[in-house]
Every structure is written in C-alpha cells, then in structure tokens.
Number of protein chains: 2
Amino acid sequence: MKAEILCVGTELLLGDIVNTNAQYLSKRLADLGIFVYHQSVVGDNSERLKEEFKAAFDRADIIITTGGLGPTPDDLTKETGAEYFNKKMILHEETLDKLKSYFIKTERDKLQGNNIKQAYFPEDSLILPNSHGTAPGCVIDENGKILIVLPGPPREMKPMFEDYVVPFLENYSNIVIQSKVLRICGIGEGLMAEQISDIMTENTNPTVAPYAKDWEVTLRITAKASTKEAANNLIIPVEDEIRQRLGLNIYGEGETSLEAVLGELLIKSNFTISTAESCTGGLIASKLVNYPGISSVFMEGAVTYSNDAKMRRLGVKSETLETFGAVSEETAREMAEGIAKTANTNIGLSTTGIAGPDGGTQEKPVGLVYVGLSINGITKTIKLQLSGSREMIRRRTTITALDWVRRELLKSNQ
Amino acid sequence: MKAEILCVGTELLLGDIVNTNAQYLSKRLADLGIFVYHQSVVGDNSERLKEEFKAAFDRADIIITTGGLGPTPDDLTKETGAEYFNKKMILHEETLDKLKSYFIKTERDKLQGNNIKQAYFPEDSLILPNSHGTAPGCVIDENGKILIVLPGPPREMKPMFEDYVVPFLENYSNIVIQSKVLRICGIGEGLMAEQISDIMTENTNPTVAPYAKDWEVTLRITAKASTKEAANNLIIPVEDEIRQRLGLNIYGEGETSLEAVLGELLIKSNFTISTAESCTGGLIASKLVNYPGISSVFMEGAVTYSNDAKMRRLGVKSETLETFGAVSEETAREMAEGIAKTANTNIGLSTTGIAGPDGGTQEKPVGLVYVGLSINGITKTIKLQLSGSREMIRRRTTITALDWVRRELLKSNQ
C-alpha cells in the first residue's frame with residue numbers, strides 16, 4: 001500500500017509556516033506500514049490541485065490531503081476531490097446541526113453562506129468529525145483509490161487522524177514496520193559508510209540508512225514484516241553484523257545521548273569526575289549537567305580561561321606555561337591532574353586549544369586542541385586538529401573529550 | 001519566474017525530520033519576487049527523482065533541490081541532475097584540493113572513494129562553495145531551465161543560498177529586497193506583539209514579522225522597492241518607531257548574539273567578569289566564551305555543582321547552605337560575591353536552581369532559580385520561576401542572567 005501526502009495552502013508556499021503536518025503524517029504512516037514515496041505542497045488552486053490528484057493517484061493508492069477546508073471561497077480541496085471522482089457535493093445534515101449549535105454557542109458570526117459550505121461533502125464519502133474545529137474531514141474510497149481529506153491546523157488534523165484515519169487505514173495494511181537506531185561517535189559518516197557499505201547496499205529488508213549531524217552519525221535499521229516479532233527478527237542479524245564492524249564506535253541506541261551514556265557509565269563504575277576547561281569554556285561541564293542523574297558523580301568544573309586561573313585554581317606550573325605555552329600537551333596534562341586533585345575525583349578531564357577565529361600561528365594553528373584525561377592518577381593526552389567555526393571547534397572538542405572518557409571507561413571495565 | 005522546491009531525503013519521507021528547508025527557501029524566494037507554486041519531497045531514488053525533474057520543469061523555470069549530496073552511495077541528486085541534462089560528471093580539482101586538505105587537517109578518515117564523489121559535478125555547472133561542510137552545491141543553467149542543487153543540512157544550505165544563490169537569482173528578478181533584523185530579549189513574543197501590534201498589522205511594505213526561539217525574539221523588517229536605497233528608506237521610520245516602543249529590550253541588530261553584545265560592552269566598560277554556576281552547569285561560561293574577544297575580560301568560571309565545591313571554591317558559608325538551602329537567594333548572593341573575590345573581577349555572576357525533572361518540592365518547585373550579580377561590591381539577586389524541560393530551564397536561566405548583566409551595565413554607563 002502506497003500513500004502520498006498533499007498539503008494544500010498558500011501560506012506553505014510563501015514560507016510563512018513550516019509544514020509539520022507532512023512530517024507527522026509520514027511518521028505515523030511509516031508506523032502503520034504504509035509507504036510514503038512522495039510529499040507535495042500546492043496552493044489553494046483547483047486546477048493545480050486536480051493535476052496533483054492525477055499525478056499522485058498514478059503513483060499511489062492513497063492520497064492524504066491537509067488544508068483547504070475553511071469557509072472562504074479559496075478553500076477548495078473537498079470540492080476539487082469531488083470533481084476528480086465525479087461526485088456531487090451534498091449537504092450533511094448532522095454537520096449542519098453541529099455548525100448551527102457552534103455558531104449559537106460562540107455568538108461569533110451568524111451562520112451564513114460561507115460557513116454552510118463546511119457542511120457539504122462529496123456524495124458517498126465517509127465523514128470524519130472534527131472535535132477541535134468547525135471543518136470535518138472526509139474519505140472518498142472508490143475503485144481502489146482512496147482520498148483522505150483532513151483540515152490544515154495541526155491541532156484539528158492530528159486528533160482526526162488518530163481517532164478516525166488510523167482505524168480506517170489499519171484495514172489496508174498487513175505490514176508492520178520496526179526500526180532501530182544505532183548512535184555512532186568517533187568516526188565520520190564517510191569512514192563509517194565505507195566499513196559497512198556492503199551492508200547498506202545489499203540489504204533491502206531491513207534497510208540501513210545513515211544520518212549525520214555535526215560530529216555524530218546515526219544508523220537506522222528498518223524492517224518490514226507481517227508481525228512485530230518477524231520484523232525484529234530481520235533486524236537482529238544485520239544489527240549484529242554492524243556492531244561487530246563498528247564496535248566501540250557505537251555508543252548507544254534509540255533515544256539517548258553521549259552525555260547520558262557516559263553519565264550512566266560513570267555511575268555504574270562509581271567514578272567521580274571533574275573538568276578543567278579552557279577553549280571549551282564550560283561546554284563539557286554543561287553537557288554533563290544535561291544528564292539529570294549526574295550530580296552524584298560530577299563534582300566540579302573549572303573554566304580556567306586565563307593563565308592566572310590555570311595556575312591558581314589547577315596548580316599548573318608557570319614554567320610549563322612559559323616553556324610549552326597554554327595550548328600544549330604539558331598544560332593539558334597538568335590541568336587534568338590539577339582538577340582531579342583539587343576536586344578529589346577519580347577522573348579529571350581538561351581541554352586547552354585555539355578555537356579561533358584569531359590567535360592561531362603557523363606552529364599552533366586555529367583548531368589545535370589538546371585534551372587531557374587523568375583516571376586514578378594515570379594521565380593521557382590527545383592532540384586534535386579540528387576545522388570549522390569557533391563554535392564547531394568547541395563542540396567537536398567537547399564530543400571528542402566525552403567520547404574518549406567513555407572509551408577509556410569501557411576499556412578499563414573489560 | 002517560477003520556481004519549485006524539491007527536497008530529497010528518505011528521512012523526510014519517514015517523518016524523522018521536519019522539512020524546514022522548504023519553508024526557508026519558499027520564504028526567501030518570495031522575498032526575491034520569485035513565485036513558488038509547488039514543493040515536493042522524494043526519497044534518494046534516481047528514477048523517482050528524474051520523474052520529478054521532468055514534472056517540475058514542465059511547470060517551472062527553476063528547480064531548487066536540497067539533500068542527497070553526501071558521500072554515501074544513496075546520495076544521488078547531482079548525478080541524477082547530470083543524467084537529466086545529459087551531462088557527464090567531471091572532477092572539480094579545486095573542490096578535490098579542499099577535500100584533501102580538510103581530511104588531512106582533521107586526521108579523521110582518509111579521503112577515499114566515497115568522499116571523492118563530493119568533488120565530481122555535472123560538466124559546465126557553476127560550483128557553489130560550502131563554507132560549513134564538505135559538499136559543495138552547483139547550478140546547471142541550460143535552455144531556460146535552471147537546476148540549483150544545495151546540500152540538505154540547514155546550516156550548510158542557508159549560507160550557501162544567501163552567499164551564492166541569492167546573487168545569482170537577483171539577475172532574474174527586478175525587485176530589490178532589503179531587510180533588517182532587530183534582536184529582542186527580556187520580553188516574550190506575546191508582550192512584544194502587543195506593544196507593536198498596530199505596526200505589525202498596518203504595514204505591508206515594509207512588513208514586520210516576529211520570530212521566536214527559546215527565550216529570544218527577533219523582528220524582521222522587510223521592504224521591497226526598485227532600488228536598495230528606496231527599500232532602506234522604507235525601513236527607517238518603521239524601525240525608529242519600534243525602537244522607541246521597545247527600548248532596552250532591543251539588544252542588537254543583524255547577525256549578532258547576546259553574548260557578543262555583552263562581550264563588547266564589558267570590554268568597552270573595562271569590566272572583568274567571572275561566573276559561579278550551579279544549575280546552568282557551565283552554560284553561561286560557555287556562552288561568554290563563544291565571543292572570540294572575551295579572553296581579555298572573562299577571567300574564570302566555576303561549576304560548583306556540589307555543596308562542598310560551593311563552600312571550598314566560593315566560600316559559601318555552611319550555615320547559609322544549612323539554613324536557606326543551596327537553592328536560595330542567600331546562596332546565590334554568596335556565590336556571586338565569592339567568585340568575584342577569588343577571581344578578582346569587577347563582576348561575579350552566579351546561578352543556583354532546580355532544573356528538574358526531579359528534585360522539586362512544594363516549597364521549591366522545579367524551575368525555581370536564583371541569579372546573583374555582584375558588581376564592584378554591590379550585589380543583587382533575582383528569583384525566577386521557569387517552566388519547560390531541564391534543558392530549557394538551564395538555557396532560559398543563562399539568557400536571563402546574561403541579559404541582566406547587559407541591562408545593569410547600560411544603566412551604570414548612563
């Protein structure tokens with residue numbers, strides 16, 4: 001069963017509003033196992049709407065429209081649907097009664113010509129009541145082509161879809177869709193795609209699709225079957241194979257975040273942590289604090305932006321700053337050790353770098369960052385050379401640093 | 001001139017993400033006087049993409065695509081465009097060089113097969129550089145049909161559109177659009193709209209449109225005319241009137257941020273600042289550090305999440321914590337004074353609150369936050385009762401705190 005979504009409204013074409021209806025309906029149709037290969041937006045124009053009905057019914061069995069059910073003359077979706085199916089528009093008495101009592105109750109306008117329009121529907125159509133507005137929807141179901149007409153405002157459309165369209169569509173779907181999202185960190189989209197490109201291209205059920213955002217990549221494994229269990233069984237071997245190849249690069253699954261995974265790991269390991277940040281300027285602490293349970297393990301953060309603060313707060317030696325500079329492996333090391341010591345935590349995590357846009361030299365260019373990690377007295381450092389804007393460099397450093405702690409904890413737990 | 005927007009991506013058809021690109025492009029094309037009668041979304045599928053090119057070019061002169069420029073084999077937009085126009089894909093040396101230096105610099109992945117794909121373009125096409133990612137866009141302009149291919153991620157697409165596509169499209173329009181953005185902080189969208197509702201409804205050229213995001217509101221004043229000067233002259237009186245009504249609530253204009261405005265103000269006033277954060281957990285420090293020039297005035301930040309750290313680092317008295325609790329006016333006051341003293345700065349800024357989702361009581365509910373501000377020895381506190389998620393509460397506290405410092409500095413400068 002294939003469906004298309006057709007949103008009607010000049011306000012969408014002018015960019016006045018974002019089309020959240022298309023997203024909502026697509027997501028819910030995917031849940032129901034109904035494929036959506038196409039979304040369109042057209043204006044309140046009968047000719048273009050009819051052309052779109054024709055094109056969409058050439059490709060699909062179901063069209064779901066939103067919008068164009070209002071009382072004004074340019075609201076034409078129902079009328080154009082009737083024309084397409086060669087149906088007359090007939091008065092629906094029950095809707096008229098409801099409209100009348102609504103207009104008496106609200107005492108807004110009198111029920112006049114324009115509003116009565118909302119009580120007319122294509123003959124033989126199924127009426128979908130609107131519990132949040134005056135415009136009911138309808139379904140025309142003929143010769144294997146189904147037109148589902150819904151109102152535009154999301155607060156009217158969503159309940160109508162859930163209450164009336166979902167039960168209607170469930171009769172037409174014998175497919176269940178299940179999907180699983182794996183969250184990946186520490187390798188880019190390109191390298192990940194290479195490592196699993198055969199899995200991505202060879203599999204059609206389940207499909208494996210990547211999505212990249214900033215420094216993080218997610219992989220969605222989506223399977224279709226006749227039962228939930230069968231769909232999940234299709235996912236398992238593909239997931240296993242991906243996990244085998246990507247290993248520790250997969251930090252979590254489903255709705256989670258790097259800081260939540262790390263937070264849980266810290267609590268499980270019973271390891272406390274403190275941070276000493278220069279170039280990231282509090283971003284790492286702030287990420288950690290995003291995780292509600294963090295207070296039992298995150299003791300303290302220091303944003304030591306000046307050399308003076310690095311020495312006074314963290315005990316970084318002035319010789320170290322003079323000899324190697326604030327952005328150096330040695331300073332990162334002393335910062336990590338210093339914060340772990342003064343905050344009395346198992347782990348000390350530090351950053352120092354040049355986030356730009358100014359301050360770079362040939363020897364130490366913008367994007368050069370050192371991260372220091374001290375775990376129970378053993379300290380390591382890594383050197384990064386990042387690109388992008390000041391904000392990107394700081395965010396990438398943050399993710400890399402948090403991911404490094406995660407990896408080290410997993411290693412030491414093994 | 002008619003244009004269509006064609007967004008490519010399976011994640012859109014599955015409803016995983018909302019199509020904000022279509023809205024952005026529609027809005028900007030309307031600004032440029034180019035009509036959009038149709039938006040479509042299709043998946044990463046060469047056949048369906050080609051059919052869509054055909055249908056869209058039957059209706060319009062310009063197609064703007066977003067998405068499908070990534071390094072993976074299912075990214076096909078450029079390739080399908082080349083096929084539609086009967087063009088070969090040829091290597092663009094300049095892009096290859098950039099890709100190489102990017103991959104050498106970041107030392108992430110090696111530049112291999114998949115990524116090199118991003119350096120190939122349809123022959124004779126105009127290359128659109130991508131300053132925020134690895135995938136350049138391109139324009140194929142032939143026989144009155146123009147295909148403009150842009151990347152999917154909004155943070156890459158938008159600057160590419162503004163920097164390269166707008167100047168390209170302006171040749172096809174005889175309208176000049178000018179707009180000015182005013183940035184507002186400290187009053188909500190509703191209250192602001194009330195204060196200027198007559199200006200918003202009465203003006204059609206320029207139009208005045210609000211946009212709210214988190215705790216910040218922007219107002220865009222947009223004028224159309226035949227010359228840049230004439231358009232700007234339409235903006236001036238409307239802007240003056242708005243500034244008169246909103247006063248200090250307008251913190252800046254154009255591409256700036258609260259932290260940049262505050263950073264400049266601190267430098268101008270020659271005032272140093274330090275921060276002591278509990279519930280915001282480094283977010284305030286991190287915002288300040290976003291401003292590149294901040295190092296001369298931002299001395300130090302402390303993220304004192306535990307009571308122990310509040311006492312040890314900031315000198316908050318244990319009686320204060322016992323009597324009034326960590327989330328109290330008194331603690332906020334001692335934190336602000338403590339950090340200003342130990343970091344030896346003019347200004348100390350502190351936060352302490354309950355960000356949730358747990359930890360609230362009837363007396364101190366989730367969302368209760370105290371902000372402390374000590375300026376040259378004079379300390380004030382404010383109490384906030386915020387709503388929203390943990391992250392929202394923390395972000396709103398951060399913006400309110402930074403805005404408060406801005407207002408106090410402006411007052412003391414008067």
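Within every chain, numbering begins at 1; the chains are lettered A, B, ... in the order of the sequence lines, protein sequences first and strands thereafter.
- Taking 4.5 Å as the limit, every side-chain heavy atom of B/Val41 sits out of range of all side-chain heavy atoms of A/His38.
- Residue A/Ile34: no heavy atom, backbone or side chain, is found under 4.5 Å from chain B.
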TODO: List the steps and the verdict of side-chain hydrogen bond (donor to acceptor under 3.5 Å, both in side chains) for A/Thr280 and A/Thr351.
DONE: CA-CA 7 Å; A/Thr280 48; A/Thr351 61; 2.7 Å; yes
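- Of the possible polar contacts, one joining the B/Asn130 side chain to the B/Ala135 backbone as a donor-acceptor pair under 3.5 Å is found.
- Between chain B and the options A/Arg220, A/Gln23, A/Arg390, the largest number of non-hydrogen pairs under 4.5 Å is found for A/Arg390.
- Taking CG of B/Leu99 as the start and OG1 of B/Thr134 as the end, the distance is 6.0 Å to the nearest 0.5 Å.
- Interface remark: of the candidates B/Gly9, B/Gly282, B/Gly301, B/Gly301 forms the most heavy-atom pairs closer than 4.5 Å to chain A.
- Only the side chain of A/Glu52 has a heavy atom closer than 4.5 Å to any heavy atom of chain B.
- Counting heavy-atom pairs closer than 4.5 Å to chain B, the top-ranked of the candidates A/Thr222, A/Thr342, A/Leu6 is A/Thr342.
- The choice from A/Asn19, A/Ile5, A/Thr201, A/Val36 that makes the most heavy-atom pairs within less than 4.5 Å of chain B is A/Val36.
- At a 4.5 Å heavy-atom cutoff, A/Arg28 makes no contact with chain B through either its backbone or its side chain.
- Under the 3.5 Å distance criterion, the side-chain polar atoms of B/Glu259 are left unmatched by any main-chain donor or acceptor of B/Val289.
- Residue contact with chain B, scored on non-hydrogen atoms closer than 4.5 Å, involves the backbone and the side chain of A/Asn290 alike.
- Looking at A/Cys7, there are no atoms closer than 4.5 Å to chain B (heavy atoms on both sides), in backbone or side chain.
- Neither side chain, A/Thr345 nor A/Thr272, offers a donor N or O lying under 3.5 Å from an acceptor on the other.
- In this structure, chain A has no heavy atom under 4.5 Å from any part of B/Ile284.
- For chain A, the option among B/Tyr37, B/Phe298, B/Tyr24, B/Phe35 with the highest count of heavy-atom pairs below 4.5 Å is B/Tyr37.
- Ranked by heavy-atom pairs under 4.5 Å with chain B, the first of A/Pro357, A/Pro292, A/Ser306 is A/Pro292.
- Side-chain contact between A/Val366 and A/Ile393 is present, with heavy atoms from C-beta onward closer than 4.5 Å.
- Looking at A/Pro210, the atoms closer than 4.5 Å to chain B (heavy atoms on both sides) all sit in the side chain, from C-beta outward.
- Between the side chain of B/Asp75 and the backbone N or O of B/Thr72 there is at least one donor-acceptor pair closer than 3.5 Å.
- With chain A as the partner, the residue from B/Gly43, B/Ala22, B/Ser295, B/Ser131 showing the most heavy-atom pairs under 4.5 Å is B/Ser295.
- Residues B/Ser40 and A/Gln39 bring no donor and acceptor atom of their side chains to less than 3.5 Å of each other.
- A salt bridge links A/Arg312 with B/Glu300: the distance from a Lys NZ or Arg NE/NH1/NH2 to an Asp or Glu carboxylate oxygen falls below 4.0 Å.
- The choice from B/Glu11, B/Arg48, B/Glu51 that makes the most heavy-atom pairs within less than 4.5 Å of chain A is B/Arg48.
- Rounding to the nearest 0.5 Å gives a distance of 5.5 Å between CG of A/Leu402 and CG of A/Leu288.
- Contact count against chain B (heavy-atom pairs under 4.5 Å) is highest for A/Arg394 among A/Arg394, A/Glu4, A/Glu391.
- Between chain B and the residues A/Thr304, A/Leu12, A/Thr20, A/Thr10, the most heavy-atom pairs under 4.5 angstrom are made by A/Leu12.
- Ranked by heavy-atom pairs shorter than 4.5 Å toward chain A, the options B/Gly281, B/Ala30, B/Gly152, B/Ala55 are led by B/Gly281.
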